[in-house]
Amino acid sequence: MQRLLIFSFLLFVLPLQLSAADFSFYQHQGKVPGATLLVIGGVDGDEPGAFHAAASLVTHYQIEKGHLWIVPNLNAAAILKRQRGDMNLKFASVAKSDPDYLPVQRIQNIITRPQVDLVLNLHDGSGFYHPQRISSQRSPYRWGQSCVIDQSSLKGPRFGNLQKMAETTIQHINQKVASKDHYFQLKNVRTRTAKEDIPAKKSLSYFAVRHNKPAFAVEASKTDPVHLRTYFHLLALESLMRQMDINFTRDFPLSPEAVRQLIKDDALISLADGRIQLDLNNMRPTLNNFPLPLNKKPVFNTNNPLISLQPDGQRYRVHYGNNRLAFLQPEYIELDHSIASVPMSIDGLSQQISFGSIIPVTEEFKVNVKDGYRVNVIGFARPGQPDDGHVKIRHSQLNRKYSIDKSGLLYRVEIYRQERFSGMVLVDFRPRSAKKEPLVAQATPVNLKSGERHN
């Protein structure tokens, strides 16, 4: 019997448009008390390995002992604009008129909370750090593949031996690095004793150190693809959690290929009260006549804090991290809540399919709506017939230019009751290896204006 995959969503609701002050803050609280690690990604908007790693902690890790606090998208505005930004140079001082003033103030407030035992700032850095100059890309002036500390130790805090912790982290990462040319090394900037006014004195990490909070940064090289950078960051994070006696589990095997698939699998968004779900991988540049609720601002659900929906003129653009994926050209329509699912035949097997599902199809499908409802399969044409229900439809009968994806394998099936929109199902003709397992949320976003929540 063919297995039906219905992807879970309705995980948490994010605002339609992020302002410069809006970053997500999550708290994974273990059942057993312990140390608190604060992980920050996205202080620079052009470093996707860093913010994907932090986002993976939100969606795929559970804490059993200790506490893991996560800010995956600190510089949310820069991420959306695909710009580096200069927020990381504003932690010594920032003017109230600066657009970054509020997020800097908020994260400083979080860093200095008594619960925080260690701060890890994730970055993607240029080239490959090496204490001696070997080439322009491998020298003391590069940052990639390094653990960066501002000083060897802090007196007082229990995790104040920064050099030892960084060296242990480096040793753990390098056991998994395929080539010695990509080994991580320790980079001690010696910020406090530097005679000149170096940029590190203005950084987030040094702000933490100045407030007696152990902190350092991990820099994965921008030379590597995003999934490999993310993998290196996760190796560093797991080493640190173990050193801090923070016990955790994750729902995936930690390998470069698994991380690559993880980033793809998290690319889901739902709209219209959960009656629509989109797979964001390999999307067409524009989805036309896309049904959205009449007289409402679009509200979306996702389990990934890097996904957002941004207004762009009369359209909406879907973002995933700093990737601008596609435009939705809306067709505003009233919603019909009379049904939540539709009967379908998938490769000869009769099933009741919930709206918002993405359904694997091998050969053919048929939508068996009851009287009073009509079916519109986008990309399927029957001249003179306004309803696509009760008809077996094969992939070869669909016009690929109307598909959700550029490969012509994912199609919209829309159900209407008179002139109201009931819901959407996606039929998925992709090979089995491209189909995804259900996703499960493991954290709740925190809104500092209305109070904090945690799991």
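Side chains are part of it too, since the values below use all heavy atoms of this structure and drop only hydrogens, waters and symmetry mates.
The two residues Leu292 and Pro298 come nearest to each other via the heavy atoms CD1-CG, 4.1 Å. Shortest non-hydrogen contact noted between Pro48 and Thr230 is O-OG1, 4.4 Å. Of all the heavy atoms in Ser139 and Ser136, the pair that sits closest is OG-O, 4.2 Å. In this structure, Leu287 and Ser403 approach most closely via the heavy-atom pair CD2-O, 4.2 Å.
Counting only heavy atoms from C-beta outward, the side chains of Asp86 and Asp100 approach each other to under 4.5 Å. Proximity of Ile198 to Thr191: side-chain heavy atoms (C-beta onward) are separated by under 4.5 Å at one or more points. For the pair Tyr231 and Leu254, the minimum side-chain heavy-atom distance is below 4.5 Å. Side-chain contact between Leu328 and Val318: present, with at least one pair of heavy atoms (C-beta onward) separated by less than 4.5 Å.
Note that CG of Asp44 and CG of Leu122 are 11.5 Å apart. Values are rounded to the nearest 0.5 Å. We find the CD1-CD distance between Ile173 and Gln145 to be 8.0 Å, quoted to the nearest 0.5 Å.
Using a 4.0 Å cut-off between charged side-chain N and carboxylate O, Asp279 and Arg430 make a salt bridge. Between Lys222 and Asp124 there is no salt bridge, since none of the side-chain N atoms of the basic residue sits less than 4.0 Å from a carboxylate O of the acidic one.
Atom OH of Tyr402 sits in a sparse spot, with 12 or fewer heavy atoms from other residues, nucleotides or ligands closer than 6.0 Å. Few gaps surround CD on Gln175; more than 12 heavy atoms of other groups in view lie less than 6.0 Å from it. Heavy-atom contacts from other residues, nucleotides or ligands closer than 6.0 Å to OH of Tyr141 number 12 or fewer. Within a 6.0 Å sphere centred on NZ of Lys201, heavy atoms belonging to other residues, nucleotides or ligands number more than 12.
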Determine, stepwise, if the pair Arg142 / His130 fulfils side-chain contact (heavy atoms from CB on, under 4.5 Å). CA-CA 7 Å; Arg142 295 298 178 180; His130 197 278; over 6 Å; no
Going through the distances and angles, do Glu238 and Tyr61 end up as a side-chain contact (heavy atoms from CB on, under 4.5 Å)? CA-CA 10 Å; Glu238 292 195 1; Tyr61 281 73; 2.6 Å; yes
Evaluate side-chain contact (heavy atoms from CB on, under 4.5 Å) for Val119 paired with Leu204, printing each intermediate quantity in order. CA-CA 9 Å; Val119 179; Leu204 182 153; 4.1 Å; yes
Please evaluate residues Asp266 and His60 with respect to the criterion side chain to side chain donor-acceptor pair (under 3.5 Å), reporting the C-alpha separation (whole Å), side-chain torsions for both, the decisive distance (0.1 Å), and the verdict. CA-CA 10 Å; Asp266 278 356; His60 296 283; 2.9 Å; yes
If you apply the rule side-chain contact (heavy atoms from CB on, under 4.5 Å), what do you find for Val299 with Lys297, and how did you get there? CA-CA 6 Å; Val299 175; Lys297 290 184 178 180; 5.6 Å; no
Where do Gln310 and Ser308 land on the side chain to side chain donor-acceptor pair (under 3.5 Å) test, with the steps shown first? CA-CA 6 Å; Gln310 303 293 325; Ser308 66; 3.1 Å; yes
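Residue Leu237 forms a side chain to side chain contact (heavy atoms under 4.5 Å, CB included) with just one option from Ile70, Leu68, Leu120, and that option is Leu120. Exactly one of Ile269, Asn281, Leu280, Ile307 qualifies for a side chain to side chain contact (heavy atoms under 4.5 Å, CB included) with Leu325. That residue is Leu280. Applying the side-chain hydrogen bond (donor to acceptor under 3.5 Å, both in side chains) test between Glu167 and each of Lys164, Gln163, Gln171 identifies Gln163 as the sole match.
The ring of His52 has its center closer than 6.0 angstrom to the ring center of Tyr320. His211 has its ring centre less than 6.0 Å from the ring centre of Phe207.
Tyr411 and His395 have perpendicular rings, their planes meeting at more than 60° on a 0 to 90° scale where under 30° would count as parallel.
Put simply, the side chain of Lys187 never gets that close to the backbone of Tyr129: no donor and acceptor are under 3.5 Å apart. Checking side-chain atoms of Asn73 against main-chain N and O of Ser24 turns up a donor-acceptor pair under 3.5 Å. Distance alone, capped at 3.5 Å, is enough to place a donor-acceptor pair between the Asp347 side chain and the Thr362 backbone.
Relative to the six-membered ring of Phe232, Arg229 misses at least one condition, a distance below 6.0 Å or an angle of at most 45° to the axis. The cationic atom of Arg275 (NZ for Lys, CZ for Arg) does not lie both less than 6.0 Å from the six-membered ring centre of Phe355 and within 45° of the ring axis.
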